[in-house]
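Just below is one structure, and these are the notes that go with it.
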There are 2 protein chains.
Amino acid sequence: MQAVTFLHGVSQMRNHCSLKQLTTHSQMPVVLSESATHRRKDTVASIDDVARHAGVSTATVSRVLNNKNTVSARTTARVLQAVTALEYVMSSSASSLASGRTKNIGVVVPALSRWYFTNVVEGVESALIRHGYDLTLYSLNDGGPARRSVFEHFLLRQRVDAVIAVSLELTTDELTRLHALNKPLVGVGGPLPGVRTLSIDDVEVSRLATQHLIDLGHRRIAHIGGTDEFEADFHLPANRREGFESALTAAGLPVRDEFFGTADFTIQGGHAAAAKLFSEHPPTDPDGPTAVFVTSDEMAIGCLLAAREVGLNVPDDVSIVGIDNHELARFFDLTTVAQYPRDQGRKAVEMLMDVLQPEQWRHGELNTPLDTTLIIRGSTAPPTTHR
Amino acid sequence: MQAVTFLHGVSQMRNHCSLKQLTTHSQMPVVLSESATHRRKDTVASIDDVARHAGVSTATVSRVLNNKNTVSARTTARVLQAVTALEYVMSSSASSLASGRTKNIGVVVPALSRWYFTNVVEGVESALIRHGYDLTLYSLNDGGPARRSVFEHFLLRQRVDAVIAVSLELTTDELTRLHALNKPLVGVGGPLPGVRTLSIDDVEVSRLATQHLIDLGHRRIAHIGGTDEFEADFHLPANRREGFESALTAAGLPVRDEFFGTADFTIQGGHAAAAKLFSEHPPTDPDGPTAVFVTSDEMAIGCLLAAREVGLNVPDDVSIVGIDNHELARFFDLTTVAQYPRDQGRKAVEMLMDVLQPEQWRHGELNTPLDTTLIIRGSTAPPTTHR
DNA sequence: AGTGGTTATGCAAGCGGTTACATTTTTACA
DNA sequence: TGTAAAAATGTAACCGCTTGCATAACCACT
């Protein structure tokens, strides 16, 4: 009660509150949890309260709340009115315990701070909330102990109805456990053996990007690929390299190892790899690369900056193509093969919903390929002829 | 193929309908019903199984599992051994229902894709998992309907023990609800009236950055501030501007409105704002700005790129200072005031633990100021004297 | 009105833990 | 060795909801 009063009082000064003012109030005994112990009496309304208020049984209330359309319109209305009147909200733990459904999805990512992961998670989050599900996030930042503990402890606590694994190569053991617990699993970003997944065709994407350079007339093309910093992103770097090389080979071009570098998917990393490449094999050399296919936009941007630094003109001296269509790709006028991680997240959720809501069952492919689009911007052009 | 099997979410024996459903799908390539039926025999162990196996009561098992140190060493050992033997994992819903604690924290962010938020969440996540808590993520990407639904529906479903709000200005109503439900709340990134918060002192940080420029001898300093794209990031832009202006004023320098621009915290935004500034007031003009204080590193990088584009040399023609110490700041050799969002997330969790585990109660300040550090790199230097 | 088939609702047994309180076992000490 | 206090364990009443099954109400048609 007091606290509410206090909050009202504060709300008045909300607009001109400053640090100073707050510290003045720091003695105020406003501690939410303190009242926790006292407050046992006026707990939140339970389903019984609603039932009583509406003059029906709890079973009926439950049915209304779960949209079992087996309740008459009149009763439904009365129940809903009671719900509103009492500001009733269901206890999800009670509901989960009784029904075995948690309405909660576990999302496991190798890290949060990489563009791709962030965007997938955003897509997943918004789709889940639309479906009435919550998202419990597990970020395996270090790959080691955290990962173990996630799988050994958390996912198994019956906290989630299903799992979405982003760019993660699960071990057989981990798969087995999930399987044993009957948790559906959807993977995003790379096929996982025996698991429903959603992924772009990395080989094809690379081929596309490389082919674009070949089509422009490039004959000496370098590649900056990815490293697997998270021990998670399995075959991605390899697949992309494969696509690159197969495009070269198909065009009758040699694969030259000295034109290959790797980096960690960051701008800095791309910069370093490109700097090395350009210093060892300057594009201005008669035999130097006239184009670089970089396996992510961020690295491509680093590459672009490195090029600028050594006085290379993009695309005149060297063409650069990336993958992702990162927000910055447009800014840097970078040609790229777009993928749409937000959509991927969304689709993963739809896939899961198909599984979790059997009525709407739809037997899909094990692996669903995803859209990609070549977006041609100003960082690629035919090689200059005067060389 | 096995994978298909376990995609069928028949989590409980009683869920007959699902089973039936499954068998009707005869086109399914897998002998699903059999394996599923078999497996259902060994339904996950419950606390009773453990109790029986260990020859104790469920109460004792529960006590062991919850570290109530009231169980003898020998019994504890026996119980733990039974837990291992049966691969027992507690049902969190049952536990929550009975105890009223969910071991789950709700984290609300305006979006995931901005550096600051991402890092705070990472910090929170890793700290929570260390404390045995899960993190349920709510991303208010659009600020509108999603936000409403989060507060109206999800947070209230007794799904979380507490809430961490990142850079979010909650309404009085939202605060009241949380309070009514007795959910402790910690805010990160800006003081919130009447709420425990963790934030850097934006005014001071700005003053520091600006003062650095003044100390270097700059007299005409521009400022690129932030816009409040998420309708969430309350007073941050204003506070930073205030710090900027107060530093100027304290140094006896005029505040010039034409030297002020805003952007949306992105590189692109910073670039656009800087391009405009530099075209209207070229640093090479006798009366142009010799330095720019930019309110985030990403924007500062945009500013730096804009400067390069118009042929300005940084720092000779124009000094640039940012805030954050973003990973790229180092790469671009950007002077900045560092803040540590990962740590901020971690600290928010510690704060929450203090509240949630009363025995360790420690009555702290309402708002805890956070560390910042001026990191001087190559993007700032004394103004060139020849002007 | 009687009858069989729907449709709507209620009953009550769980779901799997937690914990106040009761009871038994140990420990400490005269 | 006896006994009170402390420590360890057991008993059982919840926690708040879901759902199979039973029952009641309704609805055409004979």
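Residue numbers begin at 1 in each chain, while the letters A, B, ... track the order of the sequences. What you see below is based on every heavy atom in this structure, not just the backbone, and it leaves out hydrogens, waters and symmetry mates.
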**Prompt:** Reading nucleotides 18-25 of chain C 5' to 3', which nucleotides get B (base under 4.0 Å from a protein heavy atom), which S (sugar-phosphate only), which -?
**Reply:** BBB-----
Which residues pass the side-chain contact (heavy atoms from CB on, under 4.5 Å) test with [X], sequence neighbours left out?
X	answer
B:L65	B:V61, B:V83, B:Y88
B:E87	A:R177
B:A77	none
A:A94	A:S91, B:L97

**Request:** Would you tell me if any nitrogen or oxygen in the side chain of B:S91 comes within less than 4.0 Å of OP1 or OP2 on C:dG16?
**Result:**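 The answer is no; no side-chain N or O of B:S91 sits under 4.0 Å from OP1 or OP2.
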**Item:** Short side-chain N/O contact from A:T70 to OP1 or OP2 of C:dT9, under 4.0 Å
**Value:** no
**Request:** Output all residues satisfying salt bridge (Lys or Arg N to Asp or Glu O under 4.0 Å) with B:D49, sequence neighbours left out; order by chain, then residue number.
**Result:** B:R52
**Item:** With A:R63 via salt bridge (Lys or Arg N to Asp or Glu O under 4.0 Å) - residues at least two apart
**Value:**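 For A:R63 there are no salt bridge (Lys or Arg N to Asp or Glu O under 4.0 Å) partners, ignoring immediate neighbours.
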Whole angstrom is fine here: how far is it from [atom1] in [X] over to [atom2] in [N]?
X	N	atom1	atom2	answer
B:D48	D:dA12	CG	P	14 Å
B:R52	D:dG10	CZ	C1'	16 Å
A:R74	C:dA8	CZ	P	12 Å
B:K103	C:dG16	NZ	P	21 Å

**Request:** Answer yes or no: is there a side-chain heavy-atom contact under 4.5 Å between A:I105 and A:L352?
**Result:**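 When only atoms from C-beta onward are counted, A:L352 and A:I105 do touch, with a gap below 4.5 Å.
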**Request:** Indicate yes or no: at least one non-hydrogen side-chain atom of A:I164 is less than 4.5 angstrom from one of A:V349.
**Result:**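 Yes, side chains in contact.
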**Prompt:** Stepwise, does the side-chain contact (heavy atoms from CB on, under 4.5 Å) test hold for B:V120 with B:V109?
**Reply:** CA-CA 9 Å; B:V120 169; B:V109 295; over 6 Å; no
**Asked** Is there a residue in residues 77-87 of chain A whose heavy atoms reach under 4.0 Å of DNA chain D, and which residues are they?
**Response**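 Here the set is empty: none.
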**Complete:** To the nearest 10 degrees, the angle between the two end axes of the helix from C:dA1-D:dT30 to C:dA30-D:dT1 (five pairs per end) comes to 30°
**Message:** Considering only residues two or more places apart or on different chains, which pairs with a residue in residues 70-81 of chain A satisfy salt bridge (charged side-chain N to carboxylate O under 4.0 Å, His left out)?
**Reply:** none
**Asked** Can a salt bridge be assigned to the pair B:D134 and B:K103 using a cut-off of 4.0 Å between side-chain N and carboxylate O?
**Response**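 Result for this pair is no, no salt bridge flagged.
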Dump the pairs, protein N or O against N or O of nucleotides 22-28 of chain D, anything under 3.5 Å, distances to one decimal.
none

**Request:** Would you list the pairs meeting side-chain hydrogen bond (donor to acceptor under 3.5 Å, both in side chains) in which at least one residue belongs to residues 64-73 of chain B, sequence neighbours left out?
**Result:**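 Residue pairs with at least one partner in residues 64-73 of chain B: B:S62-B:N66, B:S72-B:T75.
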**Asked** Going through the distances and angles, do A:T102 and A:D161 end up as a side chain to side chain donor-acceptor pair (under 3.5 Å)?
**Response** CA-CA 6 Å; A:T102 65; A:D161 290 339; 2.9 Å; yes
**Message:** Please compare B:L97 and B:A73 by the position of their nearest nucleotide in DNA chain D and report the one closer to 5'.
**Reply:**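 Its nearest nucleotide being more 5', the pick is B:A73.
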